[in-house]
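Report on the following structure.
No hydrogens, no waters, no symmetry mates; every other heavy atom, side chains included, goes into these values.
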Amino acid sequence: MPSNSAGGSVPGARGTARQATTHPQTADDGRPPLQIGILLPTREQAINGTYAAAPLLDFAKTAEALGFDSLWAGDSLTARPRLDPLVVLSAAAAATTRITVGTAALTPALRHPLIGANMIASLGHVAADRLILGLGSGFPMPETEEEFASVGASFQGRVGRLDEITSLWRTAWRSGEEGEPAEFQGRFWQAENLDRLPSPAIPGGPPLWLAGSDTPKVLARAATRYDGWLPFLPDVDAYARARRRIAELAEEAGRVVTPALYATVTVNASERAAKSELEHYISHYYGRSLEQMRSIQAYAWGSAEKCAEWLGGYVRAGARHLVVRIGSLDPEPQLKEIAEVLLPAVRALGPSTTVGSTQS
């Protein structure tokens, strides 16, 4: 192992969550197979002082050709700047044919909810059933609070606002269906004429995953309001306990929730060189040390085989969709080795199993 670890219904919500996937194949038991995705280097570009679409689209096409199941983009305006993920993913979806695209994670509060609903529906018409939205309420850092203030959004109460925005979105995406309301009355937002917005490509809109930790409130929200859970827990045992709890709560609610994981790996045959590169990456990405960040986020470094072994612990704990971020400001050289060594090693863990009502 590398020395790694850091690292009930609701208005308008679907009664049963689903997993979006472009892959028709399933395990022998009929359940979805393990999915492994890769993060687009939009933040890395910004750190390096470039904002070019062509390299991102090349990265997307290469990731698809190498066999990754999904392609993800993060979101930030001023805290950790980068190109807008909805715009980038729209281009990536148009440039590819098979790979799922998703946000990891989108911060809905940074956009007016009607603009967000419109942009997501528009992206959905490019990606169709290849779209998943990982959503966050805002990373608890001073820079994020400043980012919220820059667009006039309240940082206080941001968790409740996230849940309300997703309820508004789902109401809007269903508003054109017979018998569905075209108005929304919430605590923070009220809206009319929702049926005038573009309808989504998929009835009800894309799956919405909650990017969050393992606190009781987060697990309850993931199990009863969202279609997936996307944490970056550094402790695999904590992940296993949380996933089991979500399974219990989802089963009680008669729902299905996808247990996912956001993890960062830096691949190098030299563990020392890998750690050094990751430390350099984290200091530029967050302005903090690896030692600080590994207490809250999942990190691994070393050979591809060792990183695969580490990720395998999460798969054995029930993770069914891995979102992998390459911990390097120059991620492309690692992409092929991760695809050729890490992907098959993790996928070889065996067929899916089900515990409770999580897709696992």
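- Using a 4.5 Å heavy-atom cutoff, the side chains of L133 and I120 are in contact.
- With L135 as the partner, the side-chain contact (heavy atoms from CB on, under 4.5 Å) test is satisfied by one option alone out of I165, T166, L210: T166.
- Geometrically, R161 does not engage F155 in a cation-pi contact, judged by NZ or CZ lying under 6.0 Å from the ring centre and within 45° of the ring axis.
- Residue H280 comes nearest to H284 through the heavy atom pair O-ND1, 2.8 Å, listed as atom of the first residue, atom of the second, then distance.
- Of the charged side-chain nitrogens involved, at least one lies within less than 4.0 Å of a carboxylate oxygen, so that E143 and R288 count as a salt-bridged pair.
- Within the model, atoms CH2 of W310 and CD of E305 stand 16.0 Å from one another, a figure rounded to the nearest 0.5 Å.
- Residues L335 and E337 are not in side-chain contact: their nearest non-hydrogen atoms beyond the backbone lie 4.5 Å or more apart.
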Can you check side-chain contact (heavy atoms from CB on, under 4.5 Å) on T266 and I326, steps first, answer last? CA-CA 6 Å; T266 302; I326 301 175; 5.9 Å; no
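- Using modelled atom types, one side-chain atom of R130 and one backbone atom of I99 make a donor-acceptor pair closer than 3.5 Å.
- Using a 4.0 Å cut-off between a side-chain N of Lys or Arg and a carboxylate O of Asp or Glu, E64 and K61 do not qualify as a salt bridge.
- When atom types are taken as modelled, the side chain of Y314 and the backbone of L233 share a donor-acceptor pair closer than 3.5 angstrom.
- R241 has no carboxylate O lying under 4.0 Å from a charged side-chain N of D214, or vice versa, which leaves the two without a salt bridge.
- In terms of modelled atom types and a separation under 3.5 Å, the side chain of T171 and the main chain of S167 share a donor-acceptor contact.
- Rounded to the nearest 0.5 angstrom, Y285 OH and M293 CE are separated by 9.5 Å.
- Using a 4.5 Å cut-off between side-chain heavy atoms of Ile, Leu, Val, Met, Phe, Trp and Tyr, with links allowed through other members, I282 and M141 fall into the same hydrophobic cluster.
- Interatomic distance, CG of L168 versus CD of Q185, reported as 10.0 Å (0.5 Å rounding).
- Across all their heavy atoms, A127 and V101 have their closest contact at CB-CG2, 3.9 Å.
- The minimum heavy-atom distance between R320 and P33, with the atom names listed, is NH2-C, 3.3 Å.
- Contact check for L110 versus E147: side-chain heavy atoms found under the 4.5 Å cut-off.
- No path of Ile, Leu, Val, Met, Phe, Trp and Tyr side chains, each step under 4.5 Å between heavy atoms, connects L249 with V257, placing them in separate hydrophobic clusters.
- Scanning all heavy atoms of the two residues, the minimum distance from P333 to D330 falls at CD-O, 3.1 Å.
- Of the possible donor and acceptor atoms, none in the side chain of T103 sits under 3.5 Å from a partner among the backbone N and O of A105.
- Nearest approach of A191 to L114, heavy atoms of both residues: CB-CD2, 4.2 Å.
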Report the C-alpha distance between S199 and R174 in whole Å, list the side-chain angles of each, state the deciding distance to 0.1 Å, and finish with yes or no for side-chain hydrogen bond (donor to acceptor under 3.5 Å, both in side chains). CA-CA 8 Å; S199 59; R174 282 199 162 93; over 6 Å; no
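- With hydrogens and angles disregarded, no donor-acceptor distance shorter than 3.5 Å links the side chain of D69 to the backbone of G37.
- Note that the CG atom of L290 and the OG atom of S295 stand 10.0 Å from one another [nearest 0.5 Å].
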Please lay out, stage by stage, how E277 and S328 fare under the test side-chain hydrogen bond (donor to acceptor under 3.5 Å, both in side chains). CA-CA 6 Å; E277 183 172 16; S328 171; 2.6 Å; yes
Determine, stepwise, if the pair I38 / F59 fulfils side-chain contact (heavy atoms from CB on, under 4.5 Å). CA-CA 10 Å; I38 195 78; F59 189 100; 4.1 Å; yes
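- The backbone N or O of L329 sits less than 3.5 Å from a side-chain atom of N48, completing a donor-acceptor pair.
- Taking both residues in full, the closest heavy atoms of P344 and A339 are given as CD-O, 3.2 Å, listed atom of the first, atom of the second, then distance.
- No side-chain donor-acceptor contact under 3.5 Å links R325 to the backbone of Y262.
- Ring centroid separation for the pair W229 and Y239 comes in under the 6.0 Å cut-off.
- T258 places a side-chain heavy atom less than 4.5 Å from the side chain of W209.
- A salt bridge between R187 and D163 is absent, with no side-chain N of the basic residue lying under 4.0 Å from a carboxylate O of the acidic one.
- Counting non-hydrogen atoms of other residues, nucleotides and ligands closer than 6.0 Å to CD of Q190 gives a total above 12.
- In this structure a side-chain-to-backbone donor-acceptor pair under 3.5 Å is present from S175 to D195.
- Residues R158 and P140 form a side-chain contact, since some pair of their non-hydrogen atoms from C-beta on lies under 4.5 Å apart.
- Ion pair R221/D227 not flagged as a salt bridge, since none of the NZ, NE, NH1 or NH2 atoms sits closer than 4.0 Å to an Asp/Glu carboxylate oxygen.
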Would you sort out whether L71 and T100 count as a side-chain contact (heavy atoms from CB on, under 4.5 Å), showing the intermediate values? CA-CA 6 Å; L71 190 70; T100 293; over 6 Å; no
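- Inter-residue side-chain proximity for T107 and S137 is flagged as unmet; no heavy-atom pair is nearer than 4.5 Å.
- One hydrophobic cluster, built from ILVMFWY side chains closer than 4.5 Å, cannot hold both F148 and L162; they sit in different ones.
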Chi angles and distances behind the side-chain contact (heavy atoms from CB on, under 4.5 Å) call for L34, L349: CA-CA 9 Å; L34 173 68; L349 289 171; 5.5 Å; no
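- Put simply, CG on L208 and CG on L106 are 10.0 Å apart, with the number rounded to the nearest 0.5 Å.
- Note on L197: it does not cluster hydrophobically with V126, by side-chain heavy-atom contacts below 4.5 Å among ILVMFWY residues.
- Side-chain contact between W169 and P113 is present, with heavy atoms from C-beta onward closer than 4.5 Å.
- No donor-acceptor distance shorter than 3.5 angstrom exists from the side chain of N193 to the backbone of R196, with no hydrogens or angles considered.
- When each of Q297, Q292, R80 is tested with Y286 by the rule side-chain hydrogen bond (donor to acceptor under 3.5 Å, both in side chains), just one qualifies, namely Q297.
- In the hydrophobic cluster analysis, where Ile, Leu, Val, Met, Phe, Trp and Tyr join through side-chain heavy atoms closer than 4.5 angstrom, Y226 is grouped apart from V159.
- Partner of T42 under the side-chain contact (heavy atoms from CB on, under 4.5 Å) criterion, chosen from L56, D84, D75, L89: L56.
- Counting only heavy atoms from C-beta outward, the side chains of S213 and P231 never approach each other to under 4.5 Å.
- Taking the six-membered ring where the residue is Trp, the centroids of H321 and W72 are separated by under 6.0 Å.
- In this structure a side-chain-to-backbone donor-acceptor pair under 3.5 Å is missing from S90 to L86.
- The pair K306-E271 meets the salt-bridge criterion, since a charged nitrogen lies less than 4.0 angstrom from a carboxylate oxygen.
- With values rounded to the nearest 0.5 angstrom, S76 atom OG is found 12.0 Å from L83 atom CG.
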